[in-house]
Amino acid sequence: MHIKEDFPVAQKVVYLDSACMSLKPLQVVNKIREYYEEYTACAGRSHHKLGERVTREVANARKSFQDLISARKPEEIVFTKNSTESINLVANSLSLKQGDIIITSDKEHNSNLLPWQFLSRKKGIKHIIVSTEGDFIANLEEKMNENVKLVSLAHTSNLDGTTIPAKEVIEIAHEHGALVMLDAAQSVPHKEVNVRRLDVDFLAASGHKMLGPTGTGVLYGKEELLEQLEPFIVGGDTVKNTTYESYEMMPIPEKFEAGLQNYAGIIGLGEAVKYLKKIGYKKIQAIEAKVNKGMTEAVIDLGGEIIGPVDYEKRSGIVSFIIKNTDVHQIALLLNELGRVMVRSGMHCVHSWFNAHGLRGSVRASAYLYNDEEDVEKFAETLEKVVKLVA
């Protein structure tokens with residue numbers, strides 16, 4: 001099977017910005033069209049043929065994601081807009097109070113930094129940042145105490161592609177009575193994540209990074225924890241019944257899915273999961289490793305500096321780099337203009353880390369299952385041209 005054939009865009013350009021947004025295979029696009037052309041209707045409300053079809057398709061998508069991450073029940077899968085909404089849902093539903101401690105790392109995406117900063121100002125919670133430099137586990141253990149209510153960490157960093165020892169983190173947190181949430185936006189698309197084996201309490205993922213449509217995401221939570229959480233967005237579909245004075249909430253996951261949902265997106269996400277399963281994580285990781293190796297060698301050969309470990313095997317498909325005395329945005333623009341090589345430049349929503357290290361950003365090339373050796377060759381030869389122009 002030639003994967004690129006399913007991705008028309010990947011045949012026209014060298015797309016190396018998948019850490020921001022993955023391309024969509026034809027199978028996902030066609031599934032979305034199927035919804036709009038054949039059964040555009042509401043799920044769970046309308047008792048007619050079209051409505052019942054949508055209800056089944058949404059249920060199938062939920063079950064598919066449950067199986068993908070090995071959750072116990074489909075009810076543990078809550079559909080959201082993205083990882084950002086999933087993290088905010090937990091942040092605003094945990095009933096945190098003044099003095100409670102939340103721990104994050106120094107390499108968090110703004111989506112896992114700002115919610116805690118807001119709650120720090122709004123409720124007086126204490127937000128502690130643990131350094132990933134040196135012995136991360138020792139750094140974490142040093143900060144743990146009985147007041148820590150949640151440890152919320154990026155599973156795989158979108159900054160440099162490194163992955164934390166999640167199982168060890170979770171064991172330490174649980175020993176101190178704290179819950180754990182993983183921002184898995186950069187891990188679930190690329191590797192097996194088994195929530196039961198990890199024993200993680202909450203997990204956030206984004207559909208748009210794993211071949212799915214924009215505006216789709218998932219919050220996984222252990223059944224007993226989701227049942228305890230109070231939803232912070234309520235309305236239609238979250239209640240069984242209301243009077244002028246009272247209401248009766250729906251069970252999980254419906255109590256968190258307020259209003260009319262993005263049915264086309266959810267159904268498309270289900271198809272994306274199906275596609276990922278067909279390819280398999282082993283093949284995806286093998287492709288990414290080969291592409292990462294080639295891009296890393298090209299950057300180093302041209303005098304570039306890799307952010308994070310130089311060893312490509314310690315990173316996902318992400319190669320984040322700087323070239324001395326050059327502007328990262330200029331490099332990205334010229335890669336696009338000279339070779340139709342598409343990367344991202346800037347601080348990648350991890351402004352805090354870059355500011356702390358006195359850096360103005362990096363060039364980030366990020367691979368996925370549709371990249372190949374031809375893409376590596378084009379990246380290398382175009383980057384060489386760019387460096388000769390700007391260095």
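This chain uses plain numbering: 1 for the first residue, then up along the sequence.
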J.: Are more than 12 heavy atoms, taken from residues, nucleotides or ligands other than Lys73, located less than 6.0 Å from that residue's NZ atom?
T.: no

J.: Check the orientation of Phe321 and Phe379. Use parallel for under 30°, tilted for 30 to 60°, and perpendicular for over 60°.
T.: perpendicular

J.: Verify, without hydrogens or angle tests, whether Asn371 (side chain) and Tyr368 (backbone) share a donor-acceptor contact under 3.5 angstrom.
T.: yes

J.: I'd like to know if the side chain of Thr104 pairs up with that of Asn112 as donor and acceptor (distance under 3.5 Å, no hydrogens or angles considered).
T.: no

J.: Any side-chain donor-acceptor pair under 3.5 Å between Ser83 and Lys209?
T.: no

J.: To the nearest 0.5 Å, what is the distance between CG on Asp135 and CG on Leu140?
T.: 10.0 Å

J.: Starting from the C-alpha separation in whole Å, work towards a yes-or-no answer on side-chain contact (heavy atoms from CB on, under 4.5 Å) for Asn147 and Lys126.
T.: CA-CA 9 Å; Asn147 292 320; Lys126 190 174 182 182; over 6 Å; no

J.: Going by heavy atoms in the side chains, are His127 and Leu113 under 4.5 Å from each other?
T.: yes

J.: So, for Ser93 and Leu229, which heavy atoms are closest and what is the spacing to 0.1 Å?
T.: O-CD2, 3.3 Å

J.: Under 4.5 Å between side-chain heavy atoms, chaining through other members, with only Ile, Leu, Val, Met, Phe, Trp and Tyr counted: pull out the rest of the cluster around Leu114, sorted by chain and number.
T.: Phe118

J.: Could you walk me through whether Thr55 and Tyr263 pass the side-chain contact (heavy atoms from CB on, under 4.5 Å) test, one step at a time?
T.: CA-CA 9 Å; Thr55 300; Tyr263 302 125; over 6 Å; no

J.: Is the shortest heavy-atom distance from the side chain of Pro231 to the side chain of Thr238 under 4.5 Å?
T.: no

J.: Is the shortest heavy-atom distance from the side chain of Glu271 to the side chain of Asn30 under 4.5 Å?
T.: no

J.: Donor-acceptor pair, distance only, cut-off 3.5 Å: does the side chain of Asn139 make one with the backbone of Val130?
T.: no

J.: Going from CG on Leu150 to CG on Asp201, what distance comes out if it is rounded to the nearest 0.5 angstrom?
T.: 8.0 Å

J.: Any idea which heavy atoms bring Leu198 and Ala166 closest together, and the distance?
T.: CD2-CB, 4.1 Å

J.: Is any side-chain N of the basic residue among Lys388 and Glu384 closer than 4.0 Å to the acidic one's carboxylate O?
T.: yes

J.: What distance separates Cys42 SG from His47 NE2, expressed to the nearest 0.5 Å?
T.: 11.5 Å

J.: Scan side-chain atoms only and decide if Ser86 and Thr80 contain a donor-acceptor pair under the 3.5 Å cut-off.
T.: yes

J.: Checking Phe136 now: which residues fulfil ring pair (Phe, Tyr, Trp, His ring centres under 6.0 Å) with it, not counting sequence neighbours?
T.: none

J.: May I ask you to decide if Gly270's main-chain N or O and Lys31's side chain share a donor-acceptor pair within less than 3.5 Å?
T.: no

J.: Look at the side chain of Lys123 and the backbone N and O of Ser95, then say whether any donor-acceptor pair between them is shorter than 3.5 Å.
T.: no

J.: Quick one: does Asp237's side chain get under 4.5 Å of Arg45's, heavy atoms only?
T.: yes

J.: Answer yes when Arg56 and Glu52 have at least one side-chain N-carboxylate O distance shorter than 4.0 Å, and no when they do not.
T.: no

J.: Are Ser22 and Tyr370 linked by a side-chain donor-acceptor pair shorter than 3.5 Å?
T.: no

J.: Give the minimum heavy-atom separation between Ile266 and Ala61, together with the two atoms involved.
T.: O-CB, 3.4 Å

J.: Without placing hydrogens or testing angles, list every side-chain donor-acceptor pair under 3.5 Å for residues 332-345, not counting sequence neighbours.
T.:
residue : atom : partner : partner atom : Å
Ser345  : OG   : His329  : ND1          : 2.8

J.: Do the side-chain N and O atoms of Glu108 and Ser105 include a donor-acceptor pair separated by under 3.5 angstrom?
T.: yes

J.: Ignoring hydrogens and geometry, is there a side-chain-to-backbone donor-acceptor pair from Arg364 to Ile318 under 3.5 Å?
T.: no

J.: Between Ile287 and Ile3, does a side-chain contact (heavy atoms from CB on, under 4.5 Å) hold up when you go through it step by step?
T.: CA-CA 11 Å; Ile287 292 168; Ile3 294 173; 3.8 Å; yes

J.: Rounded at 0.5 Å granularity, tell me how far CD1 in Ile267 sits from CG in Asn262.
T.: 9.0 Å

J.: If we only count heavy atoms from C-beta on, is the Glu305 to Ser362 side-chain gap below 4.5 Å?
T.: no

J.: Please determine whether a side-chain nitrogen of the Lys or Arg among Glu76 and Arg196 lies less than 4.0 Å from a carboxylate oxygen of the Asp or Glu.
T.: no

J.: Side-chain donor-acceptor pair under 3.5 Å between Tyr39 and Glu34, yes or no?
T.: yes

J.: Do you reckon Leu89 sits in the same ILVMFWY cluster as Val218, going by side-chain contacts under 4.5 Å, direct or chained?
T.: no

J.: So, the side chain of His176 versus the backbone of Ala178: is there a donor-acceptor pair under 3.5 Å, distance only?
T.: no

J.: We want to know whether Thr156 and Thr163 form a side-chain donor-acceptor pair, criterion being a heavy-atom distance below 3.5 angstrom.
T.: yes

J.: Give a yes or no answer on whether the side chain of Ser366 reaches the backbone of Ser18 with a donor-acceptor pair at less than 3.5 Å.
T.: yes

J.: Determine the minimum heavy-atom distance between Val193 and Ser187, stating which atoms define it.
T.: CG2-OG, 4.0 Å

J.: Verify whether one side chain among His208 and Asn82 offers a donor that lies under 3.5 Å from an acceptor in the other.
T.: no

J.: So, do Ile87 and Trp116 sit near enough that their side-chain heavy atoms are less than 4.5 Å apart?
T.: yes

J.: Are Leu211 and Lys24 close enough that some pair of their side-chain heavy atoms sits under 4.5 Å apart?
T.: no

J.: If you measure from OG on Ser131 to CG on Asp106, what distance do you get to the nearest 0.5 Å?
T.: 4.5 Å

J.: Do the side chains of Ser352 and Asn355 get nearer than 4.5 Å, heavy atoms only?
T.: no

J.: Indicate yes or no for a side-chain donor-acceptor contact from Gln261 to the backbone of Ala258 under 3.5 Å, with no hydrogens or angles considered.
T.: yes

J.: Could you check whether Glu223 pairs with Arg72 (Lys NZ or Arg NE/NH1/NH2 to Asp/Glu carboxylate O, under 4.0 Å)?
T.: no

J.: If you apply the rule salt bridge (charged side-chain N to carboxylate O under 4.0 Å, His left out), what do you find for Glu297 with Lys293, and how did you get there?
T.: CA-CA 6 Å; Glu297 290 172 350; Lys293 181 177 185 290; 2.8 Å; yes

J.: Does a sphere of radius 6.0 Å around CG in Asp311 hold more than 12 heavy atoms from other residues, nucleotides or ligands, not counting ones at 6.0 Å or beyond?
T.: yes

J.: For the backbone of Glu288 and the side chain of Asn292, can you confirm whether one donor and one acceptor N or O come within less than 3.5 Å of each other?
T.: no

J.: Heavy-atom count around Phe232 CZ within 6.0 Å, excluding the residue itself: above 12?
T.: yes

J.: Using a strict 4.0 Å threshold on nitrogen-to-oxygen distance, state whether Asp100 and Lys97 make a salt bridge.
T.: yes

J.: Decide salt bridge (charged side-chain N to carboxylate O under 4.0 Å, His left out) for Arg62 and Glu257; before the verdict, give the C-alpha distance in whole Å, the side-chain angles of both, and the deciding distance to 0.1 Å.
T.: CA-CA 13 Å; Arg62 201 184 302 275; Glu257 296 176 352; 2.8 Å; yes

J.: Would you name the heavy atoms of Val54 and Ala43 that are closest together and state the gap between them?
T.: CG1-CB, 3.6 Å

J.: Is any side-chain N of the basic residue among Arg360 and Asp327 closer than 4.0 Å to the acidic one's carboxylate O?
T.: no

J.: Charged N to carboxylate O under 4.0 angstrom, Glu373 versus Lys290?
T.: yes

J.: Shortest non-hydrogen contact from Arg315 to Pro309?
T.: NE-O, 2.6 Å

J.: State the OG-NZ distance between Ser316 and Lys191, to the nearest 0.5 angstrom.
T.: 6.5 Å

J.: When you measure from the side chain of Thr216 to the backbone N and O of Lys81, does any donor-acceptor pair fall under 3.5 Å?
T.: no

